[in-house]
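Here the structure is a predicted model, which is why all the values come from computation and not from measurement. Note on naming: letters A, B, ... go to the chains in the order of the sequence lines (proteins, then strands), and numbering restarts at 1 for each one.
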Amino acid sequence: MNEYLEKIITSSLEQFELEETPEIHLEAPKVESHGDASTNIAMMLAKPLRNNPRAIAQQLVDGMEYDEAKISSVEIAGPGFINFRFAEDYLFDELDSIIKAGEEYGKTDAQKGKKVQIEFVSANPTGPLTVGHGRNAVLGDTVARLMEWTGAEVDREYYFNNAGRQMRVLGQSVQARYLEILGKDHEFPEGGYEGEYIRDIAQELVDEKGEELADADWTPFKEKAEKAIFADIDGTLKRMKIHMDNHFNEHSLYENGDIDSVVQRLRDKGLVYEADGATWFKTTEFGKEKDTVLIKSTGEPTYRLPDIAYHSNKLDRGYDLCIDVFGADHIATYPDVLSGISALGYNKEKVDVIIYQFVTIVKDGQPFKMSTRKANFVTLDELMDEVGADVTRFFFLMRSPNTHLEFDIAQAKEAGEKNPVFYLQYAHARIHSILRKAEEEYSFSGDVKLNLLKEDAESSLIKTLFKFPGAIQSAADAREPHRLINFLNDVASAFTTFYHDCRIIGVDEELAQARIELAKVTAQVLNNGLKILGITAPERM
RNA sequence: GCGCCCAUAGCUCAACUGGAUAGAGCAAUUGCCUUCUAAGCAAUAGGUUUCAGGUUCGAGUCCUGAUGGGCGUACCA
C-alpha cells in the first residue's frame, strides 16, 4: 500500500518540476480521524517552493490520480498533512492475502540473501548464567529471529575463552573444595569463586575419582569445571529456546595464527609500535586520546587483540553483517575493535553493536549488586523455576535495550496473573476457545464474505493486523524487539474490543463465518509474533 | 577530568527516528459475569516530558549549557 501511495504522490509531484524528489515519508496517524496513512510532503516542500504548505498540499491533491478501489478519500488537514483513507475493498483484499500467507505472514525479503552473524551470551564458563546474562541471551536470540523474518540467513555464535587467569582461579577454587570435602589441607584461592556450584562440581569429582586427584595440580579441576559449567549453560539456554549454531573458542585464534597475523598486518601499516616493553596500537590515529596496549610487557595480549582478530575472522567468513550483543560495560571497548578492523581494511559498517543497559536486580524491595565470583546472584534457572521461560523471555524483551531494566524478583515471581505476557497469550487462547465452540455450532458451506466486516471494531482490527510486517521490519532494523511487543499489545487490545463489540457465535451464518475468519487471522498474527519472541501461544489457558 | 547511556503520570515504561490532542501497564476511585474465557472490558483521576536557551511551519525527539543518576575511562577480562 505504501508503495502505491508513494507512486501516486511521486507522479503528482512532477508538476512542480523539482530538481530532486524529496523522500516521501508516510506514516500511520495515531488518531483515527486523521485517516489510515499520512504524509508530510507538502510541509517538506514549503521551504524550497517558498509557498504555504496547505496550498502545496492542495495542488498535490488536485494533481493526484488514484484508484478508488484502494483509496476512498484524500484530505488536507492541520498545517499541511495529506491524509489518505483506505477503501473497504482494499481492506478485504489485503485481509484475504494475510489469510493466504498464514504462518508466513509477516515475513519479508528486505534482507534477502544477506548472511548475518550474531554473537551473544558469550559468557566464559566460570559459573551458571545469571539474570544479567539473560538479557543478553534473549535479546540476541530475538534479534536473530527478527532478522530471519526479514529474510536474512542468520548464524548464532557463542564466543568464549577457556584459558587465562579467570579459569585458573576457577580450577583452584574447585580444587580447594575437593580437598575440603576429603578433609585435607586446602587453601582457598584469593578472589576464588565462592558459589555453591563449585562445591557441587567438587563433590562430583570426589564421587567419580575418590582421592585420586589429591596430589594433582589445578588443571583437571579446571577441565572438569569447564565441562560441567558449559553443560549447565547449554541446559539453561535450551530452556530459553536458544540454540547456538557455533561455539568459537578464543584460543583457536592463537592456534591458527590469526593473532600474530593481525599484529603483523597492523605493523605493516605503521599502526603498531613497541614502547616500555609492550606492543601498542595507535588508536590516536582513530580519534582516541591515548594509544592502546595490544600486548602487555609480560607477553600476554590484552583482550582487545583477540577481539580484533575474532572480528576479522568473522568478516573473512563472508558475513554481510556481524552483530555483537554487549552489556553497557563494554561500551568503551568496541571502538577499538572497530578501529582495528577498519585499519585492517574491512568495512566497519558490517559490524553492528547492540549495547544494552544493565539489569538492576531488585530483591525484597532492595537493589543489590551481583557478582559471579561472590556468588550473590540469581541464576536464570532459578528465575525460570519461579516464573517460567515465557515470562522470563518476555520480561527481558519488553523494554528498550538502552534503558535500564529493573527486574523485581518478587514482582516477577508473583507475576502470574498480572504479567503482560498473559495478556497476549490470553487473547490467543480466547480466540481458540471461540473457534472450538464455533466448530460445534456451525458447519459452513460456501465462500467467506469478508466484506460483511463493516463494524468499526472490525476494520480497526484489520488495519492493525496490516501493520505486522512493518512492526517486524522496524524492530529488526532498530534491533529493538520491544517494538514488536508493543505491536502485539495493540493486536490483543484491538481484538478484545472486537470481541466485546461483535459477537461471533449466535449471529447469522455468513457474518459468523466472516468473523471467525478474522479471529483466525488474529490468532495467526499473535502466534507468529509470539513465535518471533520465542514465547508459546497456548490454545487453552 | 574525559567518553557513552539515561531523565516522560505516584511506580515501571512507550511514543513508528522531527509531526497533529504525549500513550500503556501497575497502584487509586467507580461501574460491568443466567449469552463466545472477568487472566477481561468501560469510565474517572493523574503531565510545564528535570531545568535554561537555540534550530523551524512544528521539538519528548536535533544542538548548546546546567542539574541528577548509571556505565566506562587500566600493560584487568
Side-chain angles (χ1 to χ4, degrees), chain A residues 25-31 33-34 38-40 42-44 46-47 52-54 77-81 83 124 126 161 164-166 250 275-280 288-290 292-304 306-307 327-333 335 355-358 360 362 398-408 411 416-423 425-427 429-438 441 467 470-471 473-475 477-478 480 482-483 485-487 489-490 492-493 496-497 499-507 512 515-516 519 540-541:
Chain A
H25 186 64
L26 284 162
E27 61 171 30
K30 286 178 212 161
V31 188
S33 65
H34 293 150
S38 166
T39 181
N40 62 350
M43 290 178 293
M44 303 284 285
K47 201 156 206 182
N52 175 322
R54 284 194 68 111
F81 291 101
N83 295 336
N124 287 337
T126 56
N161 174 12
R165 193 184 51 85
Q166 265 183 46
E250 179 184 321
D276 306 326
T279 303
W280 295 73
K288 227 184 142 184
E289 280 186 19
K290 287 195 287 188
T292 308
V293 171
L294 282 183
I295 302 172
K296 298 186 253 179
S297 50
T298 58
E300 272 181 293
T302 64
Y303 63 91
R304 287 162 221 267
D307 274 1
D329 54 339
H330 283 70
I331 208 154
T333 86
I355 298 281
Y356 62 92
Q357 298 298 313
F358 274 160
T360 309
V362 177
M398 62 191 283
R399 309 250 151 97
S400 160
N402 62 2
T403 63
H404 291 267
L405 171 62
E406 186 166 294
F407 206 124
D408 187 325
Q411 189 184 324
E417 284 191 5
K418 290 175 178 163
N419 195 297
V421 68
F422 289 109
Y423 185 70
Q425 294 180 320
Y426 185 64
R430 192 183 242 174
I431 294 170
H432 277 273
S433 164
I434 295 168
L435 295 179
R436 284 191 297 272
K437 194 150 278 185
E441 303 277 331
K467 294 177 186 163
Q473 193 69 58
S474 145
D477 289 348
E480 292 184 356
H482 76 280
R483 295 184 186 210
I485 288 184
N486 290 345
F487 165 78
N489 265 314
D490 289 346
S493 159
T496 312
T497 304
Y499 170 84
H500 279 272
D501 292 358
C502 306
R503 284 201 60 81
I504 293 175
I505 291 162
V507 299
R515 285 180 174 169
I516 284 167
R540 293 171 199 273
M541 284 177 78

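- Distance, Asp329(A) CG to A74(B) P: 15 Å, rounded to whole Å.
- Heavy atoms from other residues, nucleotides or ligands lying under 6.0 Å from CE of Met44(A) number 12 at most.
- Taking CD of Gln357(A) as the reference point, atom CD1 of Ile331(A) lies at 6.0 Å (rounded to 0.5 Å).
- An OP1 or OP2 oxygen of C2(B) is reached within less than 4.0 angstrom by no side-chain nitrogen or oxygen of Lys288(A).
- Using atom C1' as the reference point in both A14(B) and U56(B), the two lie 26 Å apart (nearest Å).
- Computed from coordinates, the Lys296(A) NZ to A74(B) P distance equals 14 Å when rounded to whole Å.
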Q.
Generate the contact string for nucleotides 14-20 of chain B. Rules: B means base contact, S means sugar-phosphate contact only, - means no protein heavy atom under 4.0 Å.
A. SSBB-BB
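- Spacing of C1' atoms, C32(B) relative to U21(B), comes out at 29 Å, to the nearest Å.
- Helical stems in RNA chain B, defined as runs of 3 or more consecutive Watson-Crick or G-U wobble pairs with both donor-acceptor distances under 3.5 Å, are listed by first residue as B:1-7 with B:67-73, B:10-13 with B:23-26, B:28-32 with B:40-44, B:50-54 with B:62-66.
- In U64(B) the O4'-C1'-N dihedral to the base is more than 90° from 0, which defines an anti nucleotide.
- Taken from CZ in Arg515(A) to CD1 in Ile434(A), the straight-line distance is 11.5 Å, to the nearest 0.5 Å.
- Glycosidic conformation of C33(B) is syn; the angle stays within 90° of 0.
- Not one N or O on the side chain of Arg483(A) forms a donor-acceptor pair closer than 3.5 Å with the backbone of Ser400(A).
- At whole-Å resolution of the value, CD in Gln166(A) and C1' in C76(B) are 10 Å apart.
- Distance CD1 (Ile355(A)) to C1' (G70(B)): 14 Å, rounded to an integer number of Å.
- Here C13(B) presents its P atom at 7 Å from CG of Leu405(A), a figure rounded to the nearest Å.
- Between Ser297(A) and Gln357(A), the residue anchored nearer the 5' end of RNA chain B, judged by the nucleotide with its closest heavy atom, is Gln357(A).
- Comparing the same atom, C1', in C11(B) and in C51(B) gives a spacing of 23 Å after rounding to whole Å.
- With both ends at atom P, the span from U34(B) to U29(B) equals 24 Å, rounded to whole Å.
- The backbone N or O of Arg54(A) lies less than 3.5 Å from a partner atom in the side chain of Asn52(A), making a donor-acceptor pair.
- A gap of 12 Å separates the C1' atoms of G69(B) and U50(B), to the nearest Å.
- Asp276(A) comes within 4.0 angstrom of a nucleotide base, judged by non-hydrogen atoms across all strands.
- Annotation: Arg165(A), atom CZ; neighbour count of heavy atoms from other residues, nucleotides and ligands within 6.0 Å does not exceed 12.
- Using atom P as the reference point in both A20(B) and C5(B), the two lie 25 Å apart (nearest Å).
- For a distance-only test at 3.5 Å, the side chain of Thr302(A) fails to qualify as a donor-acceptor partner of the base of C75(B).
- Note that CD1 of Ile485(A) and CG of Asp490(A) are 12.0 Å apart. Values are rounded to the nearest 0.5 Å.
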Q. Base, backbone or nothing for each nucleotide of nucleotides 30-38 of chain B, written B, S, -, heavy atoms under 4.0 angstrom, 5' to 3'?
A. -----BBBS
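- Only the P atoms considered, U64(B) is 14 Å distant from C2(B), to the nearest whole Å.
- Remark: Glu441(A) CD to Ile504(A) CD1 distance equals 12.5 Å, nearest 0.5 Å.
- Judged by closest nucleotide on RNA chain B, Ile331(A) is the one of Thr497(A) and Ile331(A) placed further toward the 5' end.
- For the pair Phe487(A) CZ and A24(B) C1', the computed distance is 16 Å after rounding to whole Å.
- At the heavy-atom level, Ala328(A) lies under 4.0 Å from the strands shown only through sugar-phosphate atoms.
- Taken from CG in Leu294(A) to CG in Asp307(A), the straight-line distance is 11.0 Å, to the nearest 0.5 Å.
- Remark: Met541(A) CE to Arg430(A) CZ distance equals 10.5 Å, nearest 0.5 Å.
- For Thr496(A) (side chain) and Ala492(A) (main-chain N/O), a donor-acceptor pair under 3.5 Å exists by modelled atom type.
- Close to G1(B), at under 4.0 Å from its OP1 or OP2, lies no side-chain N or O of Lys290(A).
- In this structure, the side chain of Thr302(A) does not engage the main chain of Ile295(A) through any donor-acceptor pair within 3.5 Å.
- For the pair Asp307(A) CG and A77(B) P, the interatomic distance rounds to 11 Å; values are reported in whole Å.
- For the C1' atoms, the distance linking U44(B) with A27(B) amounts to 15 Å, nearest Å.
- Contact of the Tyr499(A) side chain with the Ile431(A) side chain is not registered, since no non-hydrogen atoms from C-beta on lie closer than 4.5 Å.
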